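Notes follow once the structure below has been shown.
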There are 2 protein chains.
Amino acid sequence: MTKYSPGNHLLPAAAALQSSLDGCPGRGAARPAPDPPRGCPIRDMLDHLGSRWTVLVVIALSRRTRRFSELRREIPDISQRMLTRTLRDLERLGLVERALHAAVPPRVDYRLSPMGMSLLPPLLGIIDWAARNGGAMHGARQRYDAGAGPG
Amino acid sequence: MTKYSPGNHLLPAAAALQSSLDGCPGRGAARPAPDPPRGCPIRDMLDHLGSRWTVLVVIALSRRTRRFSELRREIPDISQRMLTRTLRDLERLGLVERALHAAVPPRVDYRLSPMGMSLLPPLLGIIDWAARNGGAMHGARQRYDAGAGPG
DNA sequence: CCGTATCCCCTAGGATACTG
DNA sequence: CAGTATCCTAGGGGATACGG
């Protein structure tokens with residue numbers, strides 16, 4: 001029962017975002033079609049973040065333009081299929097721009113669009129948090145699993 | 001081919017996070033066991049964000065303590081099962097604290113831990129970004145789908 | 001080099017029914 | 001009220017092979 005003050009200075013913001021979600025839920029039919037969004041930009045974005053590779057790819061593109069093969073090397077455990085899909089998806093959303101240089105052998109460059117770049121700072125925030133709290137979370141999990149579970 | 005400068009002021013940060021991922025990939029066996037983390041806090045965190053409900057639950061808890069049933073009402077399209085699982089998971093990670101008040105009928109309160117609260121600001125960053133760029137992404141997607149796709 | 005096409009597995013997550 | 005326990009399905013994602 002550590003007594004702590006809830007950091008009231010950030011609660012207004014939290015309140016704002018809370019209400020921004022209010023219209024969202026999408027009553028009942030959670031995912032009518034696989035792709036078409038339900039109209040809640042936040043949930044849609046979150047779904048994309050869920051794609052396991054999106055964030056990694058965005059980060060890999062954060063510093064400069066990369067070729068397809070470079071990306072494969074930077075993210076060793078991504079399959080060729082998923083790299084293509086992820087890039088297409090990001091391109092579709094306007095976050096990544098694709099430049100095909102007709103040549104032999106073919107060469108394709110990917111880079112973040114301005115909008116894609118604007119995603120970096122917030123993303124950075126999360127990643128920074130993860131880096132700082134990863135240890136604590138790991139410890140908590142171990143204690144939880146060692147102990148009784150809930151409790 | 002909009003010519004734009006890559007916003008160099010944020011690139012150092014991006015570089016830092018890039019290198020912080022360098023050790024991560026987890027050669028070959030992407031997910032040996034379902035649960036145990038691979039040692040990369042960033043990827044682990046990302047995996048949790050992928051859980052489709054985690055973020056929503058954290059947000060629902062952002063302002064104050066909530067009871068189980070309150071959460072169900074706030075997130076109408078979550079199943080009872082998934083709400084329980086998500087909460088357990090968050091508790092396990094030390095992001096949520098669970099208080100069981102023995103009474104009839106039973107009453108269980110959930111609240112963010114200090115660490116959980118510290119996640120709010122970065123989360124807010126992403127959500128804010130999504131709210132601002134959702135429209136643009138939607139438009140981009142429509143154009144992409146209408147047009148030829150890639151190319 | 002940069003993809004697309006197939007096949008297949010696995011598991012996040014929904015629906016439903018039952019307990020303390 | 002606050003959960004477990006079962007059952008089941010859709011689709012994310014890996015492996016492999018082929019095409020421009």
Side-chain angles (χ1 to χ4, degrees), chain A residues 25-36 43 46-57 65-91 96 98-110 148-151, chain B residues 25-36 43 46-57 65-91 96 98-110 148-151:
Chain A
R27 24 193 78 275
R31 303 250 79 184
D35 229 358
R43 284 216 185 181
L46 259 28
D47 281 358
H48 286 286
L49 290 193
S51 293
R52 214 185 148 198
W53 299 115
T54 346
V55 173
L56 280 314
V57 169
T65 292
R66 303 271 178 182
R67 305 183 48 177
F68 188 85
S69 40
E70 284 181 302
L71 290 172
R72 287 198 72 179
R73 250 168 286 130
E74 288 216 20
I75 314 173
D77 52 349
I78 194 176
S79 68
Q80 191 169 2
R81 188 176 111 99
M82 284 320 292
L83 180 53
T84 308
R85 285 177 65 93
T86 307
L87 285 167
R88 280 290 177 289
D89 194 44
L90 288 170
E91 190 194 354
V96 158
R98 178 169 172 274
L100 167 59
H101 306 277
V104 188
R107 174 203 183 93
V108 184
D109 287 331
Y110 292 94
Chain B
R27 18 195 82 279
R31 302 251 80 184
D35 229 0
R43 285 215 183 181
L46 258 29
D47 280 358
H48 286 285
L49 290 193
S51 293
R52 214 186 149 200
W53 298 115
T54 348
V55 174
L56 280 313
V57 169
T65 292
R66 303 272 177 184
R67 306 182 48 176
F68 188 85
S69 40
E70 285 180 301
L71 290 171
R72 285 197 74 179
R73 250 168 288 132
E74 289 216 21
I75 314 173
D77 53 349
I78 194 176
S79 67
Q80 191 170 2
R81 189 175 112 99
M82 284 320 292
L83 180 53
T84 309
R85 284 178 68 92
T86 308
L87 285 167
R88 281 289 177 291
D89 193 45
L90 287 170
E91 191 194 352
V96 157
R98 179 170 172 274
L100 166 60
H101 306 276
V104 187
R107 174 203 183 93
V108 183
D109 286 332
Y110 292 93

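Quantities reported herein were computed from a predicted structural model and do not represent experimental measurements. So you know, we letter chains A, B, ... as the sequences are listed, proteins then strands, and number each from 1.
- Evaluation of the side-chain hydrogen bond (donor to acceptor under 3.5 Å, both in side chains) rule for A:R72 yields A:Q80 as partners, not counting sequence neighbours.
- Rounded to a whole Å, the CZ atom of B:R72 is 10 Å from the P atom of D:dA2.
- Atom C1' of nucleotide D:dA5 and atom CE of B:M82 are separated by 15 Å, given to the nearest angstrom.
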Step-by-step side-chain contact (heavy atoms from CB on, under 4.5 Å) determination, B:L56 to A:L46: CA-CA 9 Å; B:L56 280 313; A:L46 259 28; 4.2 Å; yes
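- The line from CZ of A:R66 to CD1 of A:I75 is 9.5 Å long, rounded to the nearest 0.5 Å.
- Straight-line distance from the CD1 atom of B:I78 to the P atom of C:dA15: 12 Å, rounded to whole Å.
- Contacts of B:R81 classified as salt bridge (Lys or Arg N to Asp or Glu O under 4.0 Å), with partners at least two apart in sequence or in another chain: none.
- For B:T54, the side chain to side chain contact (heavy atoms under 4.5 Å, CB included) partners at least two apart in sequence or on another chain are B:S51, B:T86, B:L90.
- The separation between A:R52 atom CZ and D:dG11 atom C1' is 15 Å, rounded to whole Å.
- Rounded to whole angstrom, the span from the NE2 atom of A:H48 across to the P atom of D:dG13 amounts to 12 Å.
- Shown here are the side chain to side chain contact (heavy atoms under 4.5 Å, CB included) partners of B:V108, two or more places apart in sequence or in another chain: B:R98, B:L100, B:Y110.
- Summarising the geometry, atom CD belonging to B:E70 is positioned 9.0 Å from atom OG1 belonging to B:T65; distances are rounded to the nearest 0.5 Å.
- One finds a side-chain N or O of B:S69 lying less than 4.0 angstrom from the OP1 or OP2 phosphate oxygen of D:dA2.
- For B:L56 and C:dA12, the CG to C1' distance is 15 Å, given to the nearest whole Å.
- Defining each end axis of the helix from C:dC1-D:dG20 to C:dG20-D:dC1 as the rotation carrying four pairs' C1' atoms onto the next four, with five pairs an end, the two axes are found to diverge by 50° to 10 degrees.
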Please produce a list of atom pairs where a protein N or O lies less than 3.5 Å from an N or O of nucleotides 3-5 of chain C.
| residue | atom | partner | partner atom | Å |
| --- | --- | --- | --- | --- |
| C:dG3 | OP1 | A:R88 | NH2 | 3.3 |
| C:dG3 | OP1 | A:R98 | NH2 | 2.9 |
| C:dG3 | OP2 | A:Y110 | OH | 2.6 |
| C:dG3 | N7 | A:Q80 | NE2 | 2.1 |
| C:dT4 | OP1 | A:R88 | NH2 | 3.4 |

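- Between the CD1 atom of B:I75 and the P atom of C:dG13 there is a distance of 13 Å, rounded to whole Å.
- Counting heavy-atom neighbours within 6.0 Å of B:R67 CZ, excluding the residue itself, gives a total above 12.
- Of the side-chain N and O atoms in A:R67, one or more sit less than 4.0 angstrom from OP1 or OP2 of C:dC2.
- Rounded to whole angstrom, the span from the CD atom of B:E91 across to the P atom of D:dA2 amounts to 15 Å.
- In terms of heavy-atom proximity, B:D109 sits nearest to B:R107 at OD2-NE, 3.4 Å.
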